[in-house]
Number of protein chains: 2
Amino acid sequence: MGKRRGSGRATITDVAEHAGVGAITVSRMMRDPSKVSEKLRSRIEKSIRELQYIPDPKARALASGRADVIGVLIPSLSNIIFADTLRAIHDSTQNTPYQVLIGNTRYDAEEENHLLSLFLAQNPAALIVVGIDQSDNSIKLLQEANIPVVQIYEIGQNPIDMSVGLSHIAAGEAMVEHLLDQGFSKIGYLAARLDPRMERRLEAYRKKLKSLESFDPKRVILTNKASSVNIGRELMRQLIGCAPDTDAVICANDDIALGALFECQAQGISVPEQMGIIGFNDLEMMQAAYPSLTSIRTDRYKIGTLAVDKILQRLNGDETDQKQIDTGFELIQRDSTSRR
Amino acid sequence: MGKRRGSGRATITDVAEHAGVGAITVSRMMRDPSKVSEKLRSRIEKSIRELQYIPDPKARALASGRADVIGVLIPSLSNIIFADTLRAIHDSTQNTPYQVLIGNTRYDAEEENHLLSLFLAQNPAALIVVGIDQSDNSIKLLQEANIPVVQIYEIGQNPIDMSVGLSHIAAGEAMVEHLLDQGFSKIGYLAARLDPRMERRLEAYRKKLKSLESFDPKRVILTNKASSVNIGRELMRQLIGCAPDTDAVICANDDIALGALFECQAQGISVPEQMGIIGFNDLEMMQAAYPSLTSIRTDRYKIGTLAVDKILQRLNGDETDQKQIDTGFELIQRDSTSRR
DNA sequence: CTGTTAGCGCTTTCAA
DNA sequence: TTGAAAGCGCTAACAG
């Protein structure tokens, strides 16, 4: 018969004995002090302090059937965009019992599905996933999990549960409109490996220009390589080679926009006089660049904050009024597109 | 007497019954298939598949006393530097049973200590912490935990257990030497909020220049604000104001270096003719910049990979030969400091 | 190679 | 308001 010793750390039973109460009373006291009489409360508090008791979350989770864990599935760990949101999520869970568990899907639907299964095996309290293009399988898992789920960055037709983000179609249109407003007419598009949100912005650009009969496929430069500032330079170089009369470019993100700017500088092309440039995300560097770079500001921190807010609300039993939040976007006009 | 129903998902007992074996056999089979006979193995595998069984890590952790979790404490979630290493850590644990748990210390020793307690309450298999400046309290916790611990990014005198990183003093010296080699002599320093590693690089710069009697405190521009490209511009502007004869700057990181470059461009100061610029980390954009920016390359991905390697080794029982790994650094010379 | 039994640390259920 | 007993899903220990 197996006698096993614990980790050496104080357990709830140790605290209970030390305080001369039942273990369950200590348990109650940890979760809701108001359920324990004043007298016992202070005694237990003292014991906790003296024994340096820290509850074991996995034992709690096992016993209660729910873990104080919020799972977050993001497509990339080294993309500053997601990092901003992760930071918000961490910040917002700071004074809650919830722990954040991060999964890296690498933009791969199968990996997402796999991680989802693993996460669900831990009975997380809620899940946050990026985008609205989960596989059917993932959607099924998410629905059956019966916990709050937030899709972030993007809003669409049929949210699985809740969603917090923006319309990338509208953002794509806004970029084109801004350039047209500023008098640019031969507008190119630079993009590296596309994610669904980039695809939708690109598609909006295509549609818009086609409707104006000024779409020219020569001006769309794509690559399957991962996005980077260097790739931005490369794409700009190609564009200038293929379609030298292009007078402005929409970039899939700010890294590419910065690379485009550098390439223009290297080739002596003046921005915005000879070439307008607009990026997406409005990273901090866009303002610092010389000339400063126009971009679409997306509030990535807020997206994370709101996602957690919604989750906590639901976890507290408040039925949410609003299942979908449009965080919008703002076009920040700077020198790189200011012609008038 | 409490009758409770589980989460609805299949448990190990379900699988055992379905396969007509004992639960423990299923357990063994999951952890080491070679310990189970061929015959039962295939039967169990079938049951697992049919019931879609996924083991519950918290139950396993509770029963075995050790969680398949590697805790990682980093000072910032939105710093690309740490993101690169996190990615490496995630990648390296990909095909292992280990899960990565991230804690954000916000460069705060107390927060680090707090998170450490929380993490340790979960019996992690190993821990990774940043730097070598943990509080006494944290060091004690780390030592008593009796698990593999890796300090990363920096190597120093008394590693708690293992460490993987580089000497920031040597890096600081290398930066100064490079500039001197290139004929720069009035060398400034730009830095935002300092972390211990930046401090050591700055200190190395001070020492070096003092020994050459060419240290001038006017040329050291510091701020407590968080680092950013915009701050880089601001610092450069200040430096030019205070010490206009400065002919080169060492930047605490690449963001600041990029800002410094933009400020020079805005002021019509030619780089490197009138101003040399060197950054730290060698982010991808440094090569793309125009003119391209010299920087110190630190292999942040490798640091993460090696940290996990070391941990896995130890977890597999191999006693490590090497407790400290110097991942070194490489000065990547580019246009921004190339005078000869 | 396989199974039985006890128990990880906590919470639920039920009773006082 | 408090507690005793049972059990969450799994594995260690021991036995066969």
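Naming: A, B, ... by sequence-line order, numbering from 1 per chain.
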Which one, [options], comes nearest to the side chain of [X]?
{"X": "A:Ser64", "options": "C:dC10, C:dT11, D:dC10", "value": "C:dT11"}
{"X": "B:Leu62", "options": "D:dC10, C:dC8, D:dT11", "value": "C:dC8"}
{"X": "A:Val21", "options": "C:dT2, D:dG3, D:dT2", "value": "D:dG3"}
{"X": "B:Pro55", "options": "C:dG9, D:dT11, D:dC10", "value": "D:dC10"}
{"X": "B:Ala63", "options": "D:dT11, C:dG9, C:dT11", "value": "D:dT11"}

Gap between atoms [atom1] and [atom2], on [X] and [N] respectively (whole Å):
{"X": "A:Ile12", "N": "C:dT11", "atom1": "CD1", "atom2": "C1'", "value": "8 Å"}
{"X": "B:Asn123", "N": "C:dC10", "atom1": "CG", "atom2": "C1'", "value": "14 Å"}
{"X": "B:Ile24", "N": "C:dA6", "atom1": "CD1", "atom2": "P", "value": "15 Å"}
{"X": "B:Arg60", "N": "D:dC8", "atom1": "CZ", "atom2": "P", "value": "18 Å"}
{"X": "B:Met29", "N": "D:dC10", "atom1": "CE", "atom2": "P", "value": "14 Å"}
{"X": "B:Asp32", "N": "C:dT2", "atom1": "CG", "atom2": "P", "value": "12 Å"}
{"X": "A:Tyr53", "N": "C:dG9", "atom1": "OH", "atom2": "P", "value": "10 Å"}
{"X": "B:His18", "N": "D:dG9", "atom1": "NE2", "atom2": "P", "value": "18 Å"}

Fill in: Check: B:Tyr153/B:Thr85 side-chain N/O donor and acceptor closer than 3.5 Å
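B:Thr85 and B:Tyr153 do have a side-chain donor-acceptor pair below 3.5 Å.
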Worksheet item: Distance only, no hydrogens: is a donor on one side chain within 3.5 Å (strictly under) of an acceptor on the other, for A:Ser135 and A:Asn137?
Response: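 Judged by distance alone, the side chains do not pair up.
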Worksheet item: Using a cut-off of 4.0 Å on non-hydrogen atoms, how would the nucleic acid contact of A:Arg28 be classed: base, sugar-phosphate, or nothing?
Response: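 Since a base atom lies under 4.0 Å of A:Arg28, the category is base.
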Discussion item. Categorize B:Ser34 for me: base, sugar-phosphate, or nothing, with a 4.0 angstrom heavy-atom threshold over every strand shown.
Written reply: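 Sugar-phosphate contact only.
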Does a side-chain N or O of [X] approach OP1 or OP2 of [N] to a distance below 4.0 Å, or not?
{"X": "A:Thr25", "N": "D:dG3", "answer": "yes"}
{"X": "A:Arg9", "N": "C:dC10", "answer": "no"}
{"X": "B:Ser37", "N": "C:dT2", "answer": "yes"}

Worksheet item: Can you list the steps and then say if B:Arg106 with A:Asp91 is a salt bridge (Lys or Arg N to Asp or Glu O under 4.0 Å)?
Response: CA-CA 10 Å; B:Arg106 299 143 204 267; A:Asp91 287 353; 2.7 Å; yes
Worksheet item: Does a side-chain N-to-carboxylate-O contact under 4.0 Å join A:Asp56 and A:Arg9?
Response: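 No, A:Asp56 and A:Arg9 are not salt-bridged.
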Worksheet item: What is the minimum heavy-atom distance between B:Ala307 and B:Ile128, and which atoms define it?
Response: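 The answer is CB-CD1, 4.1 Å.
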Fill in: Closest-nucleotide 5' rank along DNA chain C - winner of B:Ala23 and A:Val26
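Mapping each residue to its closest nucleotide by heavy atoms, the 5'-most match is B:Ala23.
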